[in-house]
Amino acid sequence: MTKKEFKRAMQCGLGRCVQELHNTDDLEKYREIILWGCTHKLSFDAQCEGTRAWYLYSMVQCYADKDPFIEAAISCGEKQMTKDGWLFMQCIEFLSFFAMDGNERAYNALRSYYEQLYQILLRKRKRTKYGTMPERDNFEELCIIIVNLCDTKEGCLDAYLEIVEDIGYLISNRSLFGTDDFFWFQSDYESEFGKKRLYKALEKRAETSAAVWEYVLRLQAENEKENYQTVDKKHPQPAEDIYIQLVSGRVLGRDIPILSAWMLSRKGEKQELFKLSDYYEKEANLEVRTNLLHLLANSRCADVLDAACVIADSKSENEEMKKYAFQALSYMRDEGVREYALELLKDWKQYFNIRDLYHDTAYFEDIIGMLANNYQKEDYECLVSIVKQIPVTYYGEINWHSVYFSVLNIFERKVVKNPPKELLVYMYEHGLCSCCREHFLREMSRRRMLTKDILKECLYDSNEDIRKYAEKKLAK
């Protein structure tokens, strides 16, 4: 592999990077690239796919001297400790693997972050104007990491109780915080130990610790509050009530849940969705009409809409209406939608640069979705050529992720004959999202496109589910 190929594959999270390190005689060739990875967020969507910490760790394991990589992550963690984003999480997870291996430098760095962030929180007097607090977010993640460093359940429970004591002192001395600020920390260990066992341990420690007693009291109050806050999830609002509220001036997103139609779909209330669609088609008031379309412009509800009506609204001079019309059309299966997409893309061959086509085509990603969702074999050249030209970057102006997802729907919905199979391999190779890659692999498997080489590569993928999938397939 060239250095450029290696770095790109590492950003994608492909297992071939680890394979290359296992087989190469020149590890130094890739050292700087991996060091770069230790100080940059590699995941495209860490909230869904997790960090790439294990992936980095598995690459670093190929080097005899691991200290430079550990030091790079420690230095990066120091800089990111009070910042928003996922890079700090990647750093501490990466260091935790070495700490579990007995590396004192990595362990001490994690403890140092903990103490520094705790002191910062003790001094905190306000949140940002948006209500966020990256220091609190990073501290909570660190609490979970430190508890998980223990190699026995009893050790984990003791570590959990020690941290609860610190949190109890924090919330009793700073009205800025409550137990709800550490919801994920508490939830993780309720799942791990069971609520009954955990609460028993908390109550026992509270007998000798005022801070833990404060934590327990706040936790009980929070639980009671949740019990009193009843939300009737079984009966979403019927279409008529939603319409009456919109007409009376109620605000969508504040007074009326944006997912109202989606919830009706979940409950199988198809007739209610048709009623909403009927209200939309007949509504003359632009604001109410736009809000009704907004409610229905999603994958679960768009099929009740009349394509011709939505196409007409996509030509509206009102940008909000156009936006939701194209969004709805991207989910609809209708020959008229396909013809409309081809009409909007009719000059695609004249463009030498996909960015120029993107800039000259409003709602470009939705239009590709319209074509993909209604794909026919004669659309092959247009769709495949456009998809392969879209730059795949972390922060690109063209939303490649949305386009790839639309193409994936061609295969997953199983309603298209002769789908463009070569795009599955292309998206597997080029996509930065490992969650999507797992779907591409499964669709490749259904079409007997998975080779032994691909599966062997997947044993080292950044995505744990892909690694397990490959192990299972190879074991057959």
Side-chain angles (χ1 to χ4, degrees), residues 45 252 258-262 265-266 273 276-277 280-281 289-316 318-348 354 357-376 378-380 382-390 392 396-416 419-420 423-424 427 431 433 435-436 439-440 443:
D45 185 355
L252 188 63
I258 289 174
L259 292 178
S260 294
W262 187 86
S265 175
R266 284 288 302 271
L273 292 178
L276 273 181
S277 177
Y280 154 69
E281 289 175 29
R289 185 179 176 90
T290 303
N291 284 331
L292 286 165
L293 184 55
H294 185 181
L295 287 169
L296 292 164
N298 61 70
S299 60
R300 296 190 70 99
C301 305
D303 61 333
V304 301
L305 291 163
D306 177 72
C309 186
V310 182
I311 288 172
D313 276 340
S314 74
K315 299 171 184 177
S316 167
N318 182 278
E319 285 302 319
E320 281 287 291
M321 174 62 83
K322 284 177 73 172
K323 178 176 79 171
Y324 295 122
F326 273 107
Q327 187 174 308
L329 288 168
S330 72
Y331 295 114
M332 296 172 69
R333 282 193 54 75
D334 185 278
E335 180 58 23
V337 173
R338 173 180 170 269
E339 290 173 359
Y340 184 39
L342 289 170
E343 177 191 335
L344 294 168
L345 294 169
K346 66 180 184 294
D347 297 326
W348 70 271
I354 192 70
L357 176 61
Y358 168 77
H359 288 302
D360 290 350
T361 310
Y363 305 99
F364 176 79
E365 294 93 341
D366 288 324
I367 294 168
I368 299 300
M370 289 158 59
L371 183 60
N373 213 23
N374 295 279
Y375 176 84
Q376 292 183 15
E378 51 264 42
D379 305 328
Y380 174 87
C382 177
L383 183 64
V384 171
S385 297
I386 289 175
V387 170
K388 286 188 174 183
Q389 289 182 66
I390 295 173
V392 180
E397 58 182 339
I398 305 177
N399 187 348
W400 64 268
H401 197 226
S402 171
V403 171
Y404 277 29
F405 198 77
S406 295
V407 174
L408 178 63
N409 278 336
I410 298 176
F411 299 92
E412 289 191 331
R413 292 182 66 174
K414 302 174 184 175
V415 292
V416 173
L423 282 181
L424 285 174
M427 295 187 298
C433 176
C435 290
C436 289
H439 288 283
F440 303 149
E443 291 304 321

How many angstroms lie between CG in L293 and CD in E281, if you round to the nearest 0.5 Å? 10.5 Å
dist N374:CG -> L342:CG (nearest 0.5 Å) comes out at 9.5 Å
Minimum heavy-atom distance between T361 and L357, given as atom pair plus value: OG1-O, 2.7 Å
So which atom in A341 and which in L371 form the shortest heavy-atom distance, rounded to 0.1 Å? CB-N, 4.0 Å
Step by step, work out the salt bridge (charged side-chain N to carboxylate O under 4.0 Å, His left out) result for E320 and K323. CA-CA 5 Å; E320 281 287 291; K323 178 176 79 171; 3.5 Å; yes
With side chain to side chain contact (heavy atoms under 4.5 Å, CB included) as the test, pick out the partner of S277 among L292, D303, L305. L305
The test is side chain to side chain contact (heavy atoms under 4.5 Å, CB included); show your working for I368 and E365 and say whether it passes. CA-CA 5 Å; I368 299 300; E365 294 93 341; 5.8 Å; no
Say whether, by atom type as modelled, one donor and one acceptor occur between the side chain of N373 and the main chain of Y331 under 3.5 angstrom. yes
So, Y363 versus S314: side-chain donor-acceptor pair below 3.5 Å or not? no
If I take atom CD from residue E339 and atom CE from residue M370, how far apart are they, to the nearest 0.5 angstrom? 11.0 Å
Side chain to side chain contact (heavy atoms under 4.5 Å, CB included) between I354 and F364: does it pass, once the steps are laid out? CA-CA 11 Å; I354 192 70; F364 176 79; 4.1 Å; yes
Rounded to the nearest 0.5 Å, what separates atom CE in M332 from atom CG in L296? 10.0 Å
Gap between atom CG of D366 and atom OH of Y324 - 0.5 Å precision: 12.0 Å
Return the minimal non-hydrogen interatomic distance between P419 and Y375, and the atom names on each side. CA-CE2, 4.0 Å
Donor-acceptor pair, S406 side chain versus S402 backbone, under 3.5 Å? yes
Within-4.5 Å side-chain heavy-atom neighbours: L383 and I410: yes
Is D45 close to C435 at the side-chain level, that is, under 4.5 Å between some pair of heavy atoms? no
Mind checking the CG-OH spacing from D313 to Y280? Nearest 0.5 Å is all I need. 3.5 Å
For F411, does the CZ atom have more than 12 heavy-atom neighbours from other residues, nucleotides or ligands under 6.0 Å away? yes
Report the C-alpha distance between L273 and S265 in whole Å, list the side-chain angles of each, state the deciding distance to 0.1 Å, and finish with yes or no for side chain to side chain contact (heavy atoms under 4.5 Å, CB included). CA-CA 7 Å; L273 292 178; S265 175; 3.8 Å; yes
Shortest non-hydrogen contact from V387 to Y404? CG1-CE1, 4.1 Å
Identify the heavy atoms of K322 and S316 that sit nearest to each other, and give their distance. CD-O, 2.7 Å
Salt-bridged, E335 to R338, with N to O below 4.0 Å? yes
Determine, stepwise, if the pair L408 / C436 fulfils side chain to side chain contact (heavy atoms under 4.5 Å, CB included). CA-CA 9 Å; L408 178 63; C436 289; 5.6 Å; no
